[in-house]
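When reading the values below, keep in mind they use all heavy atoms of this one structure, side chains included, and skip hydrogens, waters and symmetry mates. Computed from a prediction, not measured in an experiment: that's the story for all the values here.
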Amino acid sequence: RQGPFAAAAAAANDDDDDNHDDEVTYESSATNANSASNPTPPPQTTEVIVIGSGLAGLSCASLLSHNGIGTTVLESHDAPGGAAHTWSRRGYHFESGPSLYSGFSTDAGSPNPLKNVFQIIEEEPEWITYDRWGTVLPDGSKFAAKIGPEEFGDVLRTHGGEGAEEEFAALMARMEPLSNAAQALTSMALREDAGALLTLARYPRELVDTLRQGQALNDPFGLVMEEMDIRNTFVRNWLDMLCFLLQGLPAAGTMNAVMAYMLADWYRPGVTLDFPRGGSGAIVEALVRGVTKHPPSSVHVRSHVEEILVDDGRASGVKLTDGTIIRATKAVVSNADPFVTKRLLSKARAAGRTSDELNRHMDRLTETDPDKDGGIANLRSFIHIHAGIDAAGLPPTASADFPAQWAVVRDWDAPEGVESPRNIVLCSMPSLIDPSLAPEGKHVLHAYVPATEPYEWWEGLDRTSDEYRQKKDEAADFLWSAIEEYVPNARDRAVPGTVQIATPLTHERFLRRTKG
């Protein structure tokens, strides 16, 4: 499950609240990425085809291109980036993807795998650093402490009460050897074939450190919480929220390796958060450059794949919706979701051209019943609001009283905890970090629920109906209330023509995400 804050599959704009029936024409702000995307038709033959230009697809393609393998990226949207693409409207730059980044602004020893990709391909955005993140608690109290240990003790004493600081300190001490092991090996050295012996051998000391912890890294964090007898309610709630926002599961159900990495990354002295100058589109631009600077590798938008071709037991190419066939001499990589990928293989499977092993693998990937072998329940979807607002009377810079990003928690005791629908809202005002993202005297806002919106609430609705419009208005009202925890009268400040509400149907339509 992808962390909904670290890498939220956020929505493109569906339509705006000034005219619900108007379809939006995208004006992408990732200008360089679009210019680097090849306007000419894709080649008839290439070594590797990558379906989808999300961050994973572009990372794969840029590394292949760096190593001299001709790679063709096919993107069905009119802009590269997948769920991290960006667009502009009336001078406002809107972020559709990740809103929280760390581990990019340091060049030495960063455990962030995307940073490692940038280092290899020698392309990277310029990073702006900041160090505060706000939280609004169910009782209405709020704080925007610096990340890291310097101010978190004050938070624990104020909101956790007696024993909270000591309990958290003991937990950090217990997790330290696991944290060291989790961050010892670069993820770029890990692989699933015999070649792992070659790549891991380059890091003998780090490999030993990791192996010492062995099974403990794969154990659920809930075992550590039981061992340490973590009872403080605020500490438990905080761990649940932070873990869910960053990687998609409450703390108890998460592997120790993930928790160890997260705790070490967020609570080390001097840690900062990073933001790409120009917005997340700058990340996409860097990865696109990493592909296209190595001809004949190329990135093509408006190139929708209809079918993966299979011959003699191997993926041999793709067919586009316009009938174009592109052959791949080495591989086809799918950055589409598993359900879409299975559908792209359906004709080959029906004709008996796919192996039993591949069929079983795709069936397991798309099994959503947790009671069945390999089954994983679908992640829920999102609702979003994007808007430009008038900044008159608002502080000009981020501070403890006015953070650029914040989370709003409505109820710690909700039936499903942090995973309950519309219980947590994430808000971001990126123009407070990078003023170039909005006109002078204005700000740009984005708020959304982190993969907690049931698709079933929206399934089957007619997007032109009054019922759909009413549900969007209700979603907008809910999200505005979270924004207004820090931005007074935010909805009254909205600039006409900039407000955009996105739903699970928007995700499904624009991002081709199965069930949003």
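Between H446 and H384, the two ring planes are parallel [angle under 30°; tilted spans 30° to 60°]. Taking the six-membered ring where the residue is Trp, Y101 and F104 present perpendicular rings, their angle passing 60° and hence far from 30°. Ring-plane geometry between F382 and Y448 is classed as tilted, the angle between the planes lying from 30 to 60 degrees on a 0 to 90 degree scale. By the 30° and 60° cut-offs, the orientation of the rings of Y468 relative to W458 is perpendicular.
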What verdict does the side-chain hydrogen bond (donor to acceptor under 3.5 Å, both in side chains) test give for D434 and S436, after you've listed the backbone C-alpha separation in whole Å, the side-chain angles of each residue and the deciding distance to 0.1 Å? CA-CA 5 Å; D434 182 356; S436 71; 2.7 Å; yes
Kindly determine whether Q470 and D473 satisfy side-chain hydrogen bond (donor to acceptor under 3.5 Å, both in side chains), including the steps that lead there. CA-CA 5 Å; Q470 181 179 348; D473 288 342; over 6 Å; no
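In this structure, R380 pairs ionically with E416, as a charged nitrogen and a carboxylate oxygen lie closer than 4.0 Å. A salt bridge does not link K515 to E508: none of the charged side-chain nitrogens sits closer than 4.0 Å to a carboxylate oxygen. Between R512 and D337 there is no salt bridge, since no side-chain nitrogen of the basic residue lies less than 4.0 Å from a carboxylate oxygen of the acidic one. A salt bridge does not link E167 to R231: none of the charged side-chain nitrogens sits closer than 4.0 Å to a carboxylate oxygen.
In summary, of the residues considered (W406, F143, F275, W266), a ring pair (Phe, Tyr, Trp, His ring centres under 6.0 Å) with W133 occurs for W266 alone. Between S59 and the options L64, V50, L287, a side-chain contact (heavy atoms from CB on, under 4.5 Å) holds for only L287. Paired with W238 under the rule ring pair (Phe, Tyr, Trp, His ring centres under 6.0 Å), one option of W412, F168, F152 passes, and it is F152.
Side-chain contact between D390 and D492 is absent, with no heavy-atom pair separated by less than 4.5 Å.
Formation of a donor-acceptor pair under 3.5 Å by the N335 side chain with backbone atoms of G54 is found in this model. Without hydrogens or angle criteria, S110 side chain to D107 main chain gives no donor-acceptor distance under 3.5 Å.
Within 6.0 Å of the CD atom in E474, the count of heavy atoms belonging to other residues, nucleotides or ligands exceeds 12.
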